[in-house]
Structure formats: structure tokens, C-alpha cells
Number of protein chains: 2
Amino acid sequence: MTTLPVSDAELLRLDHQVCFSLHAASRAFGNVYRDALKELGLTYPQYLVMLVLWEHGPEPVKSIGERLRLDSGTLSPLLKRLETAGLVHRERSPEDERSVIIRLTGAGEELRERALPVPRRMMAATGLTVDELRTLRSLLGRVTGALDEA
Amino acid sequence: MTTLPVSDAELLRLDHQVCFSLHAASRAFGNVYRDALKELGLTYPQYLVMLVLWEHGPEPVKSIGERLRLDSGTLSPLLKRLETAGLVHRERSPEDERSVIIRLTGAGEELRERALPVPRRMMAATGLTVDELRTLRSLLGRVTGALDEA
DNA sequence: CGCAAGTTAGTTGTGCACAACTCAATTGAC
DNA sequence: GTCAATTGAGTTGTGCACAACTAACTTGCG
């Protein structure tokens, strides 16, 4: 892979553009998800938590936070809202009283069916091919990994 | 570019990974920027506004919002904080009294020098090559464009 | 001219994200 | 066994993002 020489100024501009593009794309996704999830009564971060529970079953707050890279300051109020909405149930772990297990209610389980068509709509909205989505996912994963080092 | 057939299930999973990767990468960038900008007393969105002003000079709130794709509900309090920090000055436009012009103060201009090394640090932290950064920027730009349609 | 429609900032309310902190439960060093 | 350090959840405070709304101003149509 050969590359023409790149000036310092261009490098800096490129960096700005990448950071900004990432920021903008993330918000653009949020806006489209807002519509797609409106009828389910979920926000995107709430949807992410539900995905974890649908896939893995009951989990302590800690595990959910590790999977989504979110801390308790974000998850605690979010989970409280999901509980108020009747989608999850919170109970102290018998083995370790510090730990709180999050478990889907019947309504939470049932919501899964209505959420099934969402990913397809989102994917179509990106306008990318499968190969491009793969490339994008791969680059983003490497960036996140590298940034997490620092 | 040939692509093997992809099952529905795989498509849906891939989509989740892309959206989540984007979300995670955006937050990872935010965390690294938080450190890089701490000594300047700026958050990343505040830094974006300063970049616009450093590059284009005095601008009405509307123009800044268009460049950064942010609405007045986000910008008004953010600009008020920059004003409190002594970095910008806000004045009504003489021609159009509805419009508010944002102008850098002396301190705001001077901050530019101290902000110069930031992009290089960020770029190094991504761990990507120039070609990869270009690819990433291009894909993100297309995604954002497509999502803004919907 | 005079008023309806559109534009521009700002306000309010909700929710996410994270730092810094508290508190209770657990673990480990001694 | 006791107590200090660690761990897990939650709270508080700050700031971003956006929807829905208001207020002030401008423009253009009659």
C-alpha cells in the first residue's frame, strides 16, 4: 500500500475530520434510532441494555457495564427507568449482597418480538454494503482499542 | 469485490456491531479528548466551536450550528459557558437583531497556540495509518449523509 | 402601510456520559 | 478473628444532545 507524502497541515486537518465525522455519525445514528425505537418506548442506550439481556439472560449490573463499557453512574438511573417502564426487575444477589441482578419481566421478554425489525431498518439507513460495514466495524474496533490504552 | 452470501442473522448481528462500535468509539474519543483538553479548560464540543472560530472568525450562532450540526438548545448554554470562561464575546448583529455574533476574545485567540499540539496527540492515539484514517473518514461521511436522509 | 409567516436565539425538560464521592458487603493480610 | 483494603451499586454535580416551546425580529404579501 503506497501513499503519497502528506504534509503536517493535511495530517492535522485529517485528524480533525475523522474525530468530527465520528462524533457526527454517532449523533446521526442516535437520531435515526430515536425514530426507530420510539414505538418501543426505548432510547438507544436502553435498547443496548435490552439486547444484552435478551442475548445473555439475567446479569448483574457489573456485567452489563462491562459489555457496554458503561459505569454505574450511567447504568443506575437508566436501569431504574427500565424498571419503572416494567421491562426489568432488580434483585440483590443472594451470594453477594453487593451485587444487583437485572432480570427481564414478561413485558421485557415480549418486547423482543417488536424489536426484531429494527436492525434491518437501521442497516438499510446506513446506505453501506456488507463489506463496507465490515471494514467500518473493523476500523472502529481498532480505534477504540487503541484509545482505551491511553 | 465478491462477497459470499450472508445470512439474515449475520446481517442483523453485523449491524448491531457497527452501531455499537460507533457508539463506543465516539465515547472512547471523548475520554481521550477529555484528558488532552483538560489543561485548556475545554470539553470536546467546546473545542469544536473554538476550531470553527479560529478558522472562520466571527460567526453567528446559526452558522456555527450548521457547521457542527448542533441546534440552539445545545449551543446556547455551551456558548454561555465559553463566555463565562472569557474565551468569546456575544453581540447582537446590527443588521439583523435576531442574530447573535460570536467573536473570540484576546484570550480566545491566544488559546489557539496552546491547542496546536492536541490533534497530533489524538491522531497518534488512534493507532491507524493515514490511509486507514482516510477510509474511516470516507465511510463515516457516507453513513452520516445517508442517515441524515431518513 | 399592516399583519401573517418565517427566521433566529433562547428556555425548559428529559436522558446519556462521566468524575468524584458515599456506603455497605466482601476479601485478604496479619 | 480482626481490621484495612477492595469491590459493587448508588448519588451528586457538570456538561452534551435534542424535542418542544417561547419571544423577538424580519420579510413579504395584500
Could you check how far [atom1] of [X] sits from [atom2] of [N], rounded to whole Å?
{"X": "A:L22", "N": "D:dA17", "atom1": "CG", "atom2": "P", "result": "13 Å"}
{"X": "A:K62", "N": "C:dA25", "atom1": "NZ", "atom2": "P", "result": "19 Å"}
{"X": "B:L79", "N": "C:dA9", "atom1": "CG", "atom2": "C1'", "result": "11 Å"}
{"X": "A:I101", "N": "C:dA25", "atom1": "CD1", "atom2": "P", "result": "16 Å"}
{"X": "B:E97", "N": "C:dG10", "atom1": "CD", "atom2": "P", "result": "13 Å"}
{"X": "B:Q46", "N": "D:dA17", "atom1": "CD", "atom2": "P", "result": "10 Å"}
{"X": "B:D96", "N": "D:dT27", "atom1": "CG", "atom2": "P", "result": "6 Å"}
{"X": "B:Y44", "N": "D:dT14", "atom1": "OH", "atom2": "P", "result": "25 Å"}

Residue-phosphate contact under 4.0 Å: A:N31 side-chain N/O, D:dC18 OP1/OP2: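 The answer is yes; a side-chain N or O of A:N31 sits under 4.0 Å from OP1 or OP2.
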
Compare side-chain N and O positions of A:R90 against OP1 and OP2 of D:dG10 and report whether any pair is under 4.0 Å apart.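 True: A:R90 side-chain N/O within range (under 4.0 Å) of D:dG10 OP1/OP2.
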
Measuring from B:L53:CG to B:R112:CZ, what's the distance to the nearest 0.5 Å?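 Spacing of CG (B:L53) from CZ (B:R112) equals 10.5 Å.
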
Minimum side-chain heavy-atom gap B:Y47-B:V118 below 4.5 Å: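 The answer is yes, as the side chains (C-beta and beyond) meet within the 4.5 Å cut-off.
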
Select from A:R27 and A:T74 the residue whose nearest nucleotide in DNA chain D is closer to the 5' end of that strand.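 Here A:T74 is the residue nearer the 5' end.
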
Let me know, please, whether B:P60 or B:K38 comes out on the 5' side of the other along DNA chain C by nearest nucleotide.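 Per heavy-atom nearest nucleotide, the more 5' residue is B:P60.
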
What do you reckon, is CZ of B:R121 surrounded by more than 12 foreign heavy atoms closer than 6.0 Å?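 Counting other residues, nucleotides and ligands, CZ of B:R121 stays at 12 neighbours or fewer.
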
B:L68 and A:H23: CA distance, side-chain angles, deciding distance, side-chain contact (heavy atoms from CB on, under 4.5 Å) verdict: CA-CA 10 Å; B:L68 302 180; A:H23 194 65; over 6 Å; no

Is [X] touching bases, backbone alone, or none of the nucleic acid, heavy atoms closer than 4.0 Å?
{"X": "A:E66", "value": "nothing"}
{"X": "A:K80", "value": "sugar-phosphate"}
{"X": "A:P77", "value": "nothing"}
{"X": "B:T43", "value": "sugar-phosphate"}
{"X": "B:S99", "value": "sugar-phosphate"}
{"X": "A:L75", "value": "nothing"}

B:R98 has a side chain; which of C:dG6, C:dA17, C:dT11 sits nearest to it?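 The answer is C:dG6, which lies nearest to the side chain.
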
What nucleotide, of C:dG10, D:dC25, D:dA9, holds the atom closest to the side chain of B:S76?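 My answer, after comparing the listed nucleotides, is C:dG10.
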
Side chain of A:S72, base of D:dG8: donor and acceptor closer than 3.5 Å?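 Side chain to base: no pair below 3.5 Å.
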
Under the side chain to side chain contact (heavy atoms under 4.5 Å, CB included) test against A:L87, which residue among A:Q46, A:E109, A:M50 passes?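 Exactly one pass, corresponding to A:M50.
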
Is there a chain of hydrophobic side chains (I, L, V, M, F, W, Y, each step under 4.5 Å between heavy atoms) that links B:L139 to B:V130?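 Shared cluster, yes.
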
